[in-house]
Amino acid sequence: MAKNVMAITKGHETNEQKAIRQQALNEVKNAPMVAANPPTFLDEVAKAEYKRLIALLADSVSALDENILASYCATYSAIVACQKAINADGVVMTENKINPAVKQMDALTKTLRSLANDLGLTPQARLKMAWNNAKQEDKSDPFKALVKS
């Protein structure tokens, strides 16, 4: 997701550094859009998730994000498969052994959470982006508050 690169740095920046950062932000914003059709290597569950997310994310995902989005969808599909295995066989299998799908699902969930954060899909990531955008807007025009009054 095209996160606000203007808000990533901490501390004072020179005008030249701000100009370079603004140019980088413009390049990210003007990147080509991600394909509406999911990659062919995804299974049906992952393709459905891809289509669902493309519809929700609309203009906030670019072609640069396509691999992360595909990885997110593939991971989601693997989690669904693990849950189906757990539903069929139970958490604890014969001889009091834990279903291997439980451990696999735990690892996949951590990966999914990381990818979701990269794409701005978590509430915390969205809040951080909104906060950074608000801070950037405040810095961009010191007279904006005066005009609104």
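From a predicted model like this one, the values you see are computed outputs, not experimental measurements.
Leu57 CG to Asp65 CG: the interatomic distance, rounded to the nearest 0.5 Å, is 9.0 Å. Taking NZ of Lys47 as the start and CG of Asn37 as the end, the distance is 9.5 Å to the nearest 0.5 Å.
With sequence neighbours excluded, the residues satisfying side chain to side chain contact (heavy atoms under 4.5 Å, CB included) with Ala74 are Leu42. With sequence neighbours excluded, no residue forms a side chain to side chain donor-acceptor pair (under 3.5 Å) with Glu66. With sequence neighbours left out, the side chain to side chain donor-acceptor pair (under 3.5 Å) criterion links Asn67 to no other residue. Under the side chain to side chain donor-acceptor pair (under 3.5 Å) criterion, Ser77 pairs with Asp43, not counting sequence neighbours.
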Side-chain polar contacts of residues 88-98 - donor-acceptor pairs under 3.5 angstrom, sequence neighbours left out - could you list them?
none

Under 3.5 Å, sequence neighbours excluded: what are the donor-acceptor pairs made by side chains of residues 103-113?
from	atom 1	to	atom 2	distance (Å)
Thr109	OG1	Met105	O	2.7
Thr111	OG1	Ala107	O	3.2

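With respect to Pro38, the side-chain contact (heavy atoms from CB on, under 4.5 Å) criterion is satisfied by exactly one of Glu44, Glu49, Lys51: Lys51.
Residues Leu56 and Tyr76 are members of separate hydrophobic clusters, defined by side-chain heavy-atom contacts under 4.5 angstrom among Ile, Leu, Val, Met, Phe, Trp and Tyr.
What you find for Leu53 and Cys73 is that their closest heavy atoms are CD1-SG, 4.2 Å. When every heavy atom of Ala36 is checked against every heavy atom of Tyr50, the shortest pair comes out as O-CE2, 3.8 Å.
Residues Ile54 and Leu69 have side chains in contact (heavy-atom distance under 4.5 Å, counting atoms from C-beta outward).
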